[in-house]
Structure formats: structure tokens, C-alpha cells
Amino acid sequence: MSTVGTTGLTPEQVALQESTRAFVRREVAPHLQEWEDAGEVPRALHVAAAQAGLLGLGFPEEVGGQGGTLLDSVAMQEAFFDAGGSSGLAAALFTSGIALPHLAAHGTPEQVDAFVRPTLAGEKIGSLAVTEPGGGSDVAGITTRAVRDPSTSSGRRGDFVVNGAKTFITSGVRADFVTTAVRTGAPGHRGISLLVVEKGTPGFTVDRSLAKMGWHCSDTAELSFVDARVPAANLVGEEDGGFAMIAEQFVVERIALAVHAYGVAARSLALTAAYARERETFGKPLAANQVVRHRLVEMHRQVEVARTYTRSVAARHDQGESVIAEACLAKQTAVEACTYVVDQAVQLHGGTGYMHGTEVERHYRDARILGIGGGATEVLTDLSARLLGYTA
Ligand SMILES: Cc1cc2nc3c(=O)[nH]c(=O)nc-3n(C[C@H](O)[C@H](O)[C@H](O)COP(=O)(O)OP(=O)(O)OC[C@H]3O[C@@H](n4cnc5c(N)ncnc54)[C@H](O)[C@@H]3O)c2cc1C
């Protein structure tokens, strides 16, 4: 049973949802458990997703994308989850959504050719590295340092020498390049730059592939930089202008994570509704109990409220409105819905729901990161308080 409503979507968006579902059913669903067990997604999937028009969605055609609005991406992602894609898989397959936007918007033509186009074609994998062992919520506090080399003897003058560490980096084990937030200037948000650090750069290493509660098919890395020499040509946009470029993407990232949350919740609801019709206890189907039916309706209500609000915020963003606070609220609304729904999905599946390999068990584990990553709930609520004027 599909729980994705088409209200408010254009015929093109509905068609996009159909082709996305077909892609997930053909290319993803039969293999997902295998990738969960392997701890990573194969590169061939990136190529297939690019050929299906999914990777380039939301990126301008001038940089190798398919174009499209944020609402188009929302519609595509809803269908991705509806057909059985997981949050972990979306994180691994669409890491380009966080690694590339700064390069697409502010990169040189050479950077676009070297990193953006091949990644949107599925031929390269990129990561975004902001979080450090010392903290992730306080982006303005990062300490990984990049210093311009003044000498000419050790390489090209003006190259950056990078020292520091990053952690929890999605797709960092597989990445061919990492869009890395580094401190080039004074303390605070004005001293941060973005550098593209390529795999194989001497001094740049993937130290560990991290084991996690969920998102098992999404590789997550700890990275270190010891006198890693990065060409000046790999600076993205203006020096010390990194924070603004990162912040520019916050709305899109938070809306994407909201869709992860209600998308996974909608899928868990559909699985649970089907199970409740077929599973019998005390001589009758679970759904014959009023308390169970009402639980399913409550799950439905929370999903649809999150979906409707998130879509409306995405549409307002597409119309050029500033929706920074609203994107935070959409994420929180969807995360709360998801937390409730995946918990109830496991409950109504009984012991089966607790078994490794049962889909609702995976969604339950995968969902836990959504209130932490991309801005922890408390941090986003505090940002909303400031933006909405609820301060002393
Ligand atoms: C699976 C996974 C994938 C990730 N992928 C990436 C990635 O690709 N790139 C990347 O850069 N990062 C990534 N992250 C990091 C993620 O963005 C951070 O974990 C997140 O920003 C929180 O940072 P932290 O873990 O350092 O928690 P901290 O900043 O130490 O905060 C800990 C907790 O304290 C609370 N808190 C924090 N600040 C406040 C406050 N001001 N007021 C009240 N409460 C507060 C919140 O509950 C928060 O969860 C990933 C993390 C995980 C687990």
C-alpha cells in the first residue's frame, strides 16, 4: 500500500515519483540487506541513479545536473522511501547533495569539471566534512587549520597545508574527494573556508570506518590531516567565506532530512498496516482491534501533518522566501512523527519487529540519527527562537 498522496504535486512530479519507485524496486530493494551487511553501497548504484536522473535533480544543467526545484527533490525522495529505500541508503547515495552545492554555486569552471560533473554522473563520490571530534553543533568553532605555504621550495606558493581531524563523515571511506571546512582566518564564523581535499593527498588519511547503531549501508569515516598539502586551486569560493556557503545549504539539507523522517515513517506505517491486516492474535486480525486501528490512524495523522508542512516550506523556498526557521520546524515536526511511528511499527510487529532483517527494525535504528545530524533539535529550536523573535 502506498501512503504517498499526490495532492499539490504537478503531473511531472507524480511522473518523477513513479520513475523513482521503479528505480528503487529494481535497483535497490533486492540488494539493500546485502549492502547493510557489507557496510557500504556499491559505486555502480551511483551510476545507475545518475542514469535514472536522480543524482542530478536539484542541480543546474550548467554544472551537469537535471535542474528542478526543491519540491521536485522532495517528491522524488518521498517516492524513494515509499518504494523501500532507507534513510541510510539515501544518505550514502545522495551525499552529493551536501558535498557539491557549494562547488556548483561558487566553484571555478575547473572545479565544476573535476568534481561536480563526474559526481552527478555517478563516476565520483564526494563527502562534506565539517564535524570534528571536538564538536559538530558549533560549526563556527571548527579548529582544523589550513595555512598558506609562503615558501616556493616545498611546492606551489600559496598552497594550503592542512592539519586537524574530522569525524562522522558520511561516505568518507569511499569518497574520491572531501569538501572540507577549515579554519583559514580568525576564530568564529568569519575565519572558515572550504577546500576540496582529494583522496591520495599525502598526509590525508581515512583513519577509521565507524560502526553505528543504524545507517549500516552508509559508510561513515574518521579523517585526519597531517601537513596535507592542498592546491590553492582547490579553494571553493572566497577565502574565509566558507561559513556563509555552508549556511546557504542549511534549508535544503534540513528539508531533505525532514523527508527522510516522514518518508521512513510513511513506509513503516504502510508495512505495519499490511501486517496488522494479516497477523492474527486471539483468533482475529490485529486490525480488528479498535486500539490498533486508532494507533494506525495516529501514525497516519503524524506523517501527513509532517508531509504537508514540509512540502509547503519547500514550495515557499522555491518561491524565494527565506524559510530558515520554518525548515527547522519542518525537520523537528517530521523527526517527532518518525520517532513515534517507527516505535509503534516495531511494537505492532511484536517479536518480529525486533528481529534483525525485518524492515521496520532497520527503520527504527536508522531514524535515531535524524534528530542529531544536520543540526540537533535543540540547536535548531534555539535558532528558530532567535529568528522568530522569541528571545528576551
Ligand atoms: C551517522 C552520522 C553521519 C554524519 N554525517 C556527517 C557528514 O557527512 N558531515 C559532517 O560534517 N558531519 C556529519 N555528522 C555529524 C553530525 O552533523 C553531528 O553529529 C551533529 O551536528 C551533532 O554534533 P556532535 O555529534 O558533535 O554533538 P555535540 O555538538 O557535541 O552536541 C551533543 C548534543 O548536545 C545537545 N546540544 C548541542 N548543542 C546544544 C545547545 N546549544 N543547547 C542545547 N543542547 C545542545 C544536542 O542534543 C546534541 O545532540 C554525522 C553524524 C552521524 C552520527
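Just follow the structure's listing: the first ligand is 1, and inside any ligand the first atom is 1. In this chain, numbering begins with 1 at the start of the sequence shown. A quick note: this is a predicted structure, and the numbers were derived from the prediction, not measured. Worth knowing before you read on, the calculation uses all heavy atoms, side chains too, and leaves out hydrogens, waters and symmetry mates.
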Problem set entry | Residue portion contacting ligand 1 (non-hydrogen atoms closer than 4.0 Å) for Leu128 | backbone
For this session: Within a distance under 4.0 Å of any heavy atom of Lys212, pick out the atoms of ligand 1 and give their elements.
Result: 1 (C)
Exercise. Is there side-chain contact between Val379 and Leu383, with heavy atoms separated by less than 4.5 Å?
Worked result: no
Exercise. For atom 29 (O) of ligand 1, which candidate among Gly375, Ala129, Ser137 holds the nearest heavy atom?
Worked result: Ser137
Problem set entry | Shortest protein heavy-atom distance from atom 6 (C) of ligand 1, along with the residue and atom involved | Phe168 O, 2.8 Å
For this session: Report yes or no: do Thr95 and Ser127 form a side-chain donor-acceptor pair below 3.5 Å?
Result: no
For this session: Report the nearest protein non-hydrogen atom to atom 8 (O) of ligand 1: residue, atom name, distance rounded to 0.1 Å.
Result: Thr170 N, 3.0 Å
Exercise. Is atom 14 (N) of ligand 1 less than 4.0 angstrom from at least one protein heavy atom?
Worked result: yes
Problem set entry | Glu132 side chain to Thr143 side chain, donor-acceptor N/O pair below 3.5 angstrom | yes
Exercise. Tyr309 and Glu326: side-chain donor and acceptor closer than 3.5 Å?
Worked result: no
Seminar exercise, completed: side chain to side chain contact (heavy atoms under 4.5 Å, CB included) test vs Lys166 passes for just one of Val178, Leu128, Thr180, namely Thr180
Problem set entry | Side chain, backbone, both or neither: Lys166 near ligand 1, heavy atoms under 4.0 Å | neither
Exercise. Would you say Ser218's side chain and Leu89's backbone share a donor-acceptor pair under 3.5 angstrom?
Worked result: no
Seminar exercise, completed: Counting heavy atoms under 4.0 Å, the part of Ile98 that contacts ligand 1 is side chain
Exercise. Taking the side chain as C-beta and beyond, is there a heavy-atom pair between Glu361 and His356 under 4.5 Å?
Worked result: yes
For this session: Would you kindly say whether Gln13 and Gln17 are connected by a side-chain donor-acceptor distance under 3.5 Å?
Result: no
For this session: Show your working on side-chain hydrogen bond (donor to acceptor under 3.5 Å, both in side chains) between Glu304 and His300 and close with a plain yes or no.
Result: CA-CA 6 Å; Glu304 291 312 316; His300 182 101; 4.6 Å; no
Exercise. Near Gly135, which atoms of ligand 1 are under 4.0 Å from a heavy atom of that residue?
Worked result: 26 (O)
Seminar exercise, completed: Closest to atom 26 (O) of ligand 1 among protein heavy atoms sits Gly136 N, 2.7 Å
Exercise. Among all protein non-hydrogen atoms, which one is nearest to atom 42 (N) of ligand 1, and what is the separation to 0.1 Å?
Worked result: Glu378 CB, 4.2 Å
For this session: Considering only non-hydrogen protein atoms, determine which one is nearest to atom 52 (C) of ligand 1 and report residue, atom name and distance to 0.1 Å.
Result: Ile369 CD1, 3.6 Å
For this session: Please round to the nearest 0.5 Å and tell me the distance separating atom CD1 of Ile125 and atom CG of Leu93.
Result: 9.0 Å
Exercise. If you measure from each non-hydrogen atom of Val379 to ligand 1, which part falls under 4.0 Å: side chain, backbone, both or neither?
Worked result: side chain
Problem set entry | Name of the residue among His349, His363, Arg362 meeting side chain to side chain contact (heavy atoms under 4.5 Å, CB included) with Ser268 | His363
For this session: Answer with yes or no whether Asp382 contacts ligand 1, where contact means a heavy atom under 4.0 Å from a ligand atom.
Result: no
Seminar exercise, completed: Of all protein heavy atoms, the one nearest atom 20 (C) of ligand 1 is Ile372 O, 3.6 Å
Problem set entry | Protein non-hydrogen atom below 4.0 angstrom of atom 33 (C) of ligand 1 present | no
Problem set entry | Per-atom contacts, ligand 1 versus Ala376 - under 4.0 Å to a heavy atom | 46 (C), 48 (C), 49 (O)
Seminar exercise, completed: atom 12 (N) of ligand 1: closest protein heavy atom, distance to 0.1 Å, is Thr131 OG1, 2.7 Å
